[in-house]
Amino acid sequence: MAVHNVDIARAFEELADLLELDEANPFRIRAYRNAAQTLRGLDTEVVDLVRSQHELSELPGIGKDLASKIRDYLETGHIELLDELHRTTPAVATELLRLPRLGPKRAKALYEKLGIHTLEQLHRAILDGRLDELSGFGPAIKRDLLHALETKPTGATRTPLVTATVYVGALVAHLKRAPGIEAVTVAGSYRRSQETVGDIDIVATARDHKPVIEWFTHYDEVAKILAAGPTRATIQLRSGLQVDLRVVSAESYGAALHYFTGSKAHNIAIRAMGQKRGLKINEYGVFRGAKRIAGVTEEEVYKSVGLPYIEPELRENRGELEAAAAGQLPHLLEPRDLKGDLHTHTSATDGHNTLREMVLAAKERGHAYIAITEHSRHVTIAHGLDPGRLHKQIDEIDRLNEENLGIAVLKGIEVDILEDGKLDLADAVLGRLDLVVGAIHSRFNLSRAKQTERILRALDRPHFSILAHPTGRLLGEREPYDIDMPRVIAALKERGAFIELNAHPERLDLTDVHCRLAKNAGVLVSIATDAHRVQELGYLSFGVGQARRGWLERIDVLNTRPLRELRTLLARTMGRSEGALGGKAVEHEHSRGTSH
DNA sequence: GCCGTTTTCGGCCCGACTGTTTTCAGTCG
């Protein structure tokens, strides 16, 4: 049985829950949660670390004891302490913890004092009035519990970043008109460019807080006011999205922004650093005793603990603090660094705009190049191209390039990687192209070994440039298929091929962790939109956000290269030497020679 | 249970708000 880091992380999180019910030392509980977080953020499977004789206790938050529990889990599939807690705690316990307003104390009271062992029993007990016997269960809590039990679980409650931007834009515009408002900034996971957001956190400054809070809770898209105090309020929008507003004075702006941007793990680490210097850091500032010594800007907060400014996308406590202390923070990719798009579709297959419309729209966005990469015939639902129709499109692109439109159009294909690892079009056909983007669109449920083998075989073909949306996940809809990513990335490196970060906001596949893996292996990442209509060419910004979360710099990204250099790199993946390029695309190079 | 610019023992981030309480538990970030 293959054990993945997420499996161990889940086990540790469950252990933490069960220990909490057991009223264990809170710091011991936190140690399990910290270790789980470390495991989720690792770019290497611990099973491989063990195999290569690495000392697990060198990982942050993992000491002798947890290292030995990890080894137990790898060897036996069990952790003795977890099994023991399962024996002494009813199975319903962890289900109860997931209900609103139920923490360890109330959950424990339910199964110990009322003998509740299923959610159905809890439902009945509330209706029968049996909860009245217990203290700590007032009318509001019973109402919320009933509501939670009677509405079916919605599954993923996180909102894709792209959806959130729509509501956030309108709400921020509303807040900027609030009486006495000075500044409004969206913080939280939104500011950190997480692929999905649980809720929206907004920091505002104003001399008088109350009118701003009132302006906020009276926004006309508010469905429900969940909380409203003198400095903070929480609302639920009609869309279901929850929004927190925190109003502070201008002198606390940087501290509040830092605090509300998170992540929680990053903040805890920063505060612990402050503590060692005799400082207290909260959302109002950095304090030595009663004296505020910083807090107007985030830079000040970092400076108070001896660090340079850290970009929000890096704030996950995954090594950014150590990098900052060593002066080795990455110089993150900027949107303007991208010179073009290497994965797009047109109405020749399942796109909505013509070739010319896509090309002109890309030029309008300032791109120096765009690659047209239609589906191949195996993807029948997209009306994928057969050799005849591909040849026709190649000729069409050649003619378009002869018009000197001020943008280079690259001839590509998003060729299907078939189940046996063959490509959907013959080598002779693919050989006419500037680049071959390979992707999986079927048989997602193969075993890890078979799925990996399938991709590795495809990489052995004479023409293969970029592996597109490498795990096929669709946020909230489809789980990633199971592949051995380190092995795939090593194979891409060996072949001199590239990996895609699909910027479509429902894909964003590579993940941040895999971006770092590619970067460290020296495999260039292609950030591409997979646009099926001209508007979607704007999705590149989501890809940039994800790339920044993955520590990518300009030098790590394929399509930051000017056209001539890009052509050279692509030609190698097509089995050609640099001079012998297919077609006669006109080259437009605006940025050649810019130094890094 | 982890960890070490005071420490191998004794610390471990911090505060707002709600509900059910009269000092606290739970949740959130």
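Chain letters run A, B, ... following the sequence lines, proteins first and then strands; every chain starts at 1.
- Looking at heavy-atom distances under 4.0 Å, A/Leu102 makes contact with sugar-phosphate atoms alone, never a base.
- A salt bridge links A/Arg191 to A/Glu298: one of the charged nitrogens lies within less than 4.0 Å of a carboxylate oxygen.
- Side-chain atoms of A/Leu508 and A/Arg473, non-hydrogen and from C-beta on, do get closer than 4.5 Å to each other.
- Contact annotation for A/Arg277: no contact, since no heavy-atom pair falls under 4.0 Å across all strands.
- For the salt bridge (charged side-chain N to carboxylate O under 4.0 Å, His left out) test, no residue two or more places apart in sequence or in another chain qualifies with A/Glu300.
- Residues forming a salt bridge (charged side-chain N to carboxylate O under 4.0 Å, His left out) with A/Asp201 (at least two apart in sequence, or on another chain): none.
- Under the ring pair (Phe, Tyr, Trp, His ring centres under 6.0 Å) criterion, no residue pair touches residues 91-111 of chain A, with sequence neighbours excluded.
- Expressed to the nearest 0.5 Å, how far CD of A/Glu313 lies from CG of A/Asp512 amounts to 11.0 Å.
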Requested in this report: Treat primed atoms plus P, OP1 and OP2 as sugar-phosphate and everything else as base, then score nucleotides 9-18 of chain B 5' to 3': B for base contact with protein heavy atoms under 4.0 Å, S for sugar-phosphate contact only, - for none.
Outcome: ---BBBBSSS
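- A/Lys69 comes within contact range of the sugar-phosphate backbone alone, with a heavy-atom separation under 4.0 Å but no base atom that close.
- Within the structure, every pair that satisfies the ring pair (Phe, Tyr, Trp, His ring centres under 6.0 Å) test and touches residues 222-266 of chain A, not counting sequence neighbours, is listed here: A/His258-A/His266, A/His258-A/Tyr302, A/His266-A/Tyr302.
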Report each atom pair, protein N/O against N/O of nucleotides 2-7 of chain B, whose distance is under 3.5 angstrom.
| from | atom 1 | to | atom 2 | distance (Å) |
| --- | --- | --- | --- | --- |
| B/dC2 | OP1 | A/Gly63 | N | 2.6 |
| B/dC2 | OP1 | A/Gly63 | O | 3.4 |
| B/dC2 | OP1 | A/Leu66 | N | 3.1 |
| B/dC3 | OP1 | A/Gly61 | N | 2.8 |

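- Rounded to whole Å, the P atom of B/dA16 lies 32 Å from the corresponding atom of B/dG10.
- Residues A/Asp22 and A/Thr89 have side chains not in contact (no heavy-atom distance under 4.5 Å, counting atoms from C-beta outward).
- Using P as the reference atom, B/dC13 and B/dG19 are 29 Å apart when rounded to the nearest Å.
- Annotation: B/dG26 and B/dT21 have their C1' atoms spaced 13 Å apart (nearest Å).
- With rounding to the nearest 0.5 Å, the separation of CG in A/Leu110 from CG in A/Leu131 is 5.5 Å.
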Requested in this report: Kindly determine whether A/Val525 and A/Asp556 satisfy side chain to side chain contact (heavy atoms under 4.5 Å, CB included), including the steps that lead there.
Outcome: CA-CA 6 Å; A/Val525 176; A/Asp556 302 316; 5.8 Å; no
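- Not counting sequence neighbours, the partners of A/Arg51 by the salt bridge (charged side-chain N to carboxylate O under 4.0 Å, His left out) test are A/Asp48.
- A heavy atom lying under 4.0 Å from DNA chain B marks none of the residues of residues 287-321 of chain A.
- For the pair A/Ile29 and A/Pro100, both in contact range of DNA chain B, the more 5′-proximal nearest nucleotide belongs to A/Ile29.
- With respect to the salt-bridge test (charged N to carboxylate O, under 4.0 angstrom), the residues A/Glu283 and A/Arg232 do not qualify.
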Can you give me every donor-acceptor pair (side chain of residues 134-146 of chain A, partner residue at least two apart or in another chain, under 3.5 Å) with its distance?
| from | atom 1 | to | atom 2 | distance (Å) |
| --- | --- | --- | --- | --- |
| A/Lys142 | NZ | A/Asp132 | OD1 | 2.3 |
| A/Asp144 | OD2 | A/Arg101 | NE | 2.6 |
| A/Asp144 | OD2 | A/Arg101 | NH2 | 3.0 |

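- Rounded to whole Å, the separation between the P atoms of B/dT6 and B/dC2 comes to 24 Å.
- Between B/dT18 and B/dG4, the distance separating the two P atoms is 40 Å to the nearest Å.
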N/O to N/O distances under 3.5 Å, protein versus nucleotides 21-24 of chain B:
| from | atom 1 | to | atom 2 | distance (Å) |
| --- | --- | --- | --- | --- |
| B/dT21 | OP1 | A/Gly136 | N | 3.4 |

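- Donor-acceptor pairing under 3.5 Å is lacking for the side chains of A/Thr76 and A/His78.
- Under a 4.0 Å N-O distance rule, the pair A/Lys113/A/Glu133 does not qualify as a salt bridge.
- Under the Watson-Crick and G-U wobble criteria, each requiring two contacts below 3.5 Å, nucleotide B/dT8 is left unpaired.
- Separation of the C1' atoms belonging to B/dC17 and B/dT7 is 37 Å when rounded to the nearest angstrom.
- Of the residues in residues 80-97 of chain A, not one comes within less than 4.0 Å of DNA chain B through any heavy atom.
- A/Asp128 is linked by a salt bridge (charged side-chain N to carboxylate O under 4.0 Å, His left out) to A/Arg124, counting only residues two or more places apart in sequence or in another chain.
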